[in-house]
Structures are given as C-alpha cells and as structure tokens.
K.L.:
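Attaching a single structure in structure tokens format; questions to follow.
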Amino acid sequence: MAPRDDMITIRPHPDYHIEGGDLHLLVDKVRFRVHSYFFIRESSIFKDSLVSTTGKNETRNGSSDANALVLEQVTAEQFSQFLWVLYDPSFMRNNTEANWTTILDLAHRWKFHNVKTLAITSLEKIDIDLIKRIALYEKYSVPVDILHVHYATLCARADPPTLDEVKILGDATSHMIFSIRENLLRSQKGVRAVDQFDKSVLLGSITSYFGVKEKGTASSVINASTQGGGPQPPKDPDPKKNKANGHGGNTRGS
C-alpha cells in the first residue's frame with residue numbers, strides 16, 4: 001500500500017540541495033536549494049516571481065524552506081536533469097534523447113532561451129526518426145531555420161509520408177509536405193519521383209517555399225537525403241556562455 005501524501009517525508013535532493021544556495025524550491029516532495037542568479041538571469045518567468053517589486057520588508061518568494069517555490073507538472077528527476085545543464089561544467093557530454101527532450105520541455109515552458117538553444121543543438125546530434133523530430137520541434141517552436149531544414153529532408157524523400165506519419169505530423173504539416181511534393185512533380189514533365197529531380201531544381205523549389213536564407217545549409221540537407229544520410233547539426237555553442245560560472249559541482253551539499 002502506498003503511503004498517504006501527508007505521511008511522505010519531504011527530503012533534500014542528494015545533489016541539488018546546495019549549501020549557500022539562496023533559492024528554495026519544492027518539487028515532488030523533494031527540496032532543492034540552488035542559486036537564484038541563474039533563474040533570474042535566464043528566465044523571465046522566474047524573474048517575475050522572484051524579484052520583489054513592492055516594499056523592502058517583503059520576504060522574497062523562495063528565500064527559505066518556509067516559503068519555497070512549489071513547481072508543478074514536473075518531477076524531481078526531471079528538474080534535476082534541468083539543473084544538470086546549469087551546474088555541470090561537462091554538460092556537453094553525451095546525454096539521452098529522453099533527457100534532452102525533458103530539458104527542452106522545461107526550458108520552453110519556463111523561457112530559458114539559452115538552455116532551449118543548447119537542448120536543440122544537442123538533439124540535432126542525436127539520431128532521431130525524422131517524423132518524430134519534426135513533430136517534437138513543432139511542439140516546442142524550434143526556430144524555423146532549423147525546422148525548415150528537416151521539412152526539406154522530408155520533401156526530398158523518395159516516398160511521401162505514410163498514413164501513420166500523417167497522424168503524427170498533423171493535417172497542416174502533412175498538407176504542406178504533400179503540396180510541395182506535388183508542385184515539384186508538376187514542374188518537370190517525365191519525372192515521377194521527387195528523388196529523381198535534378199538537385200538544383202529540388203533545392204530551388206524547397207528554398208523558395210521555405211525561404212531558407214542559407215542555401216549552403218539547405219544544399220547539404222538535399223545532398224544527404226538523396227544519398228541516404230541525414231541533416232548536418234549546427235555548430236556547438238560557446239561553452240563559456242552556458243557554463244554555470246562560479247558554481248561548480250564542488251559547491252554541492254546535502
């Protein structure tokens with residue numbers, strides 16, 4: 001039998017209850033104590049909640065366990081994955097698709113723009129099914145210059161989206177993909193498959209439709225797709241801009 005909620009002991013997180021941290025949070029019956037600097041600097045959502053705009057004597061939200069910020073719709077494990085990006089100086093090491101997706105979800109929800117960029121960059125390096133990637137990127141409003149490259153890859157594929165793929169993509173995206181492919185087939189007589197098009201024609205049509213500014217990037221995608229490869233990931237961000245300066249792992253306490 002599971003214990004009642006009021007009988008579950010609230011416990012500190014083993015890694016992210018940091019001595020000297022000035023921000024107290026409660027997530028899924030787990031206490032976190034971290035540095036508000038990252039949250040105020042990176043997130044307008046947390047900044048509005050943490051920075052007092054009234055009298056000087058007002059107690060700031062999250063300043064102690066007694067008035068800890070309670071985060072909902074997130075588990076302690078998911079939140080610890082998110083904090084890993086802020087505190088681990090070796091965050092560029094490999095992580096799983098599931099963990100980076102969790103980080104992307106929280107960064108998007110809480111408006112951590114730099115963390116969101118890092119999550120997208122990291123997901124670009126992982127081999128993910130194209131249809132799943134497009135649906136994921138649309139859900140979290142990934143920048144169009146990245147999303148359009150994957151649209152182009154799908155348009156250049158020999159076979160159109162299957163019924164199952166259409167269900168994942170949704171009506172709007174599926175209609176767009178089918179329309180582009182149909183327009184391409186109409187543009188040259190005697191060509192019955194998109195992957196049989198001259199690469200320059202294919203690239204020109206897709207670039208024109210999506211408004212892709214960097215033709216070199218689109219070209220690399222078309223070449224990869226017609227050769228059985230995948231899109232090229234963007235360059236790594238500057239680690240110095242993402243590293244948790246001054247708060248390494250040696251500051252953690254319990």
Side-chain angles (χ1 to χ4, degrees), residues 1-54 57-120 122-123 126 132 135-136 139-141 242-254:
M1 179 182 295
R4 295 192 336 233
D5 287 346
D6 57 1
M7 295 177 62
I8 297 176
T9 302
I10 296 177
R11 64 192 188 282
H13 191 275
D15 295 320
Y16 296 111
H17 194 274
I18 303 172
E19 184 177 356
D22 63 333
L23 175 58
H24 298 251
L25 306 107
L26 183 62
V27 184
D28 197 24
K29 300 293 184 180
V30 178
R31 292 197 185 280
F32 290 82
R33 184 180 179 186
V34 294
H35 298 88
S36 63
Y37 168 76
F38 302 120
F39 292 79
I40 294 173
R41 182 190 65 181
E42 298 288 343
S43 167
S44 59
I45 300 294
F46 278 93
K47 183 177 181 180
D48 291 342
S49 179
L50 295 175
V51 178
S52 175
T53 58
T54 55
N57 295 328
E58 180 181 357
T59 301
R60 194 199 70 191
N61 292 331
S63 62
S64 67
D65 285 343
N67 70 338
L69 287 179
V70 179
L71 302 185
E72 299 178 339
Q73 297 182 337
V74 58
T75 67
E77 174 60 26
Q78 290 170 335
F79 189 53
S80 67
Q81 283 291 336
F82 185 80
L83 292 176
W84 167 77
V85 174
L86 300 178
Y87 280 96
D88 193 330
S90 62
F91 62 79
M92 294 304 294
R93 71 189 183 194
N94 293 333
N95 205 335
T96 66
E97 174 191 341
N99 287 342
W100 279 120
T101 299
T102 292
I103 293 167
L104 174 62
D105 173 67
L106 296 179
H108 177 77
R109 190 192 312 176
W110 295 332
K111 299 187 184 302
F112 279 77
H113 300 299
N114 289 333
V115 176
K116 181 176 178 179
T117 297
L118 174 62
I120 295 168
S122 300
L123 284 168
I126 299 175
K132 181 180 180 181
L136 178 70
K139 178 180 179 180
Y140 294 113
S141 302
N242 294 284
K243 189 180 298 183
N245 296 323
H247 300 297
N250 60 358
T251 62
R252 297 176 186 171
S254 57

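In what follows, every heavy atom counts, from backbone to side chain, and hydrogens, waters and symmetry copies are set aside.
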K.L.:
Can you list everything that forms a side-chain hydrogen bond (donor to acceptor under 3.5 Å, both in side chains) with Ser64? Sequence neighbours excluded, please.
P.N.:
Asn67
K.L.:
Please step through side chain to side chain contact (heavy atoms under 4.5 Å, CB included) for the pair Leu118 and Trp100, ending with a clear verdict.
P.N.:
CA-CA 9 Å; Leu118 174 62; Trp100 279 120; 4.0 Å; yes
K.L.:
Not counting sequence neighbours, which residues clear side chain to side chain contact (heavy atoms under 4.5 Å, CB included) with Ile40? List them please.
P.N.:
Ser36, Lys47, Leu50, Val51
K.L.:
Sorted by first residue and then second, give each salt bridge (Lys or Arg N to Asp or Glu O under 4.0 Å) pair with at least one member in residues 99-109; sequence neighbours left out.
P.N.:
Asp105-Arg109
K.L.:
Take Trp84 and Ile103 through the test side chain to side chain contact (heavy atoms under 4.5 Å, CB included) and record every step on the way to the result.
P.N.:
CA-CA 9 Å; Trp84 167 77; Ile103 293 167; 4.0 Å; yes
K.L.:
Enter the distance from Thr101:OG1 to Ile126:CD1 here, rounded to the nearest 0.5 Å.
P.N.:
7.5 Å
K.L.:
Which atom names give the shortest non-hydrogen contact between Asn95 and Gln81, and what distance separates them?
P.N.:
ND2-OE1, 3.5 Å
K.L.:
How far apart are the closest heavy atoms of Val74 and Phe79, and which atoms are they?
P.N.:
CG2-N, 4.0 Å
K.L.:
With Thr102, which residues qualify under side chain to side chain contact (heavy atoms under 4.5 Å, CB included), at least two apart?
P.N.:
Gln78, Leu106
K.L.:
Answer whether the closest heavy-atom distance between the side chains of Leu83 and His13 falls below 4.5 Å.
P.N.:
no
K.L.:
Find out whether Phe38 and Phe46 are in side-chain contact, i.e. whether some heavy atom of one side chain is under 4.5 Å from a heavy atom of the other.
P.N.:
no
K.L.:
Can you list everything that forms a ring-ring contact (aromatic ring centres under 6.0 Å, His included) with His108? Sequence neighbours excluded, please.
P.N.:
Tyr140
K.L.:
Quick one: does any side-chain atom of Ser49 pair with a main-chain N or O of Ile45 as donor and acceptor, under 3.5 Å?
P.N.:
no
K.L.:
With sequence neighbours excluded, what pairs up with Ser80 under the side-chain hydrogen bond (donor to acceptor under 3.5 Å, both in side chains) test?
P.N.:
none
K.L.:
If a pair satisfies salt bridge (Lys or Arg N to Asp or Glu O under 4.0 Å) and one of its residues is in residues 63-74, list it, with sequence neighbours excluded.
P.N.:
Arg31-Asp65
K.L.:
Could you list the residues that satisfy side-chain hydrogen bond (donor to acceptor under 3.5 Å, both in side chains) with Asn61, not counting sequence neighbours?
P.N.:
none
K.L.:
Could you pull out all residues at least two apart from Ser44 that satisfy side chain to side chain contact (heavy atoms under 4.5 Å, CB included)?
P.N.:
Lys111
K.L.:
Considering non-hydrogen atoms only, spot the tightest contact between Pro12 and Val30 and give its length.
P.N.:
C-CG1, 4.2 Å
K.L.:
Once rounded to the nearest 0.5 Å, what's the spacing between atom OH of Tyr37 and atom CD of Glu42?
P.N.:
8.0 Å
K.L.:
Which residues pass the side chain to side chain contact (heavy atoms under 4.5 Å, CB included) test with Ala107, sequence neighbours left out?
P.N.:
Phe82, Phe112, Val115, Lys116
K.L.:
So, taking the atom named CZ in Phe32 and the one named NE2 in His24, what distance separates them when rounded to the nearest 0.5 Å?
P.N.:
13.5 Å
K.L.:
Quick one: salt bridge (charged side-chain N to carboxylate O under 4.0 Å, His left out) partners of Glu97, sequence neighbours excluded?
P.N.:
Lys132
K.L.:
Which heavy atom of Leu25 sits nearest a heavy atom of Val34, and at what distance?
P.N.:
CD1-CG2, 3.6 Å
K.L.:
Rounded to the nearest 0.5 Å, what separates atom CG in Leu23 from atom NE2 in His35?
P.N.:
10.0 Å
K.L.:
For a 4.5 angstrom cut-off between non-hydrogen side-chain atoms, does Phe39 reach Leu86?
P.N.:
yes
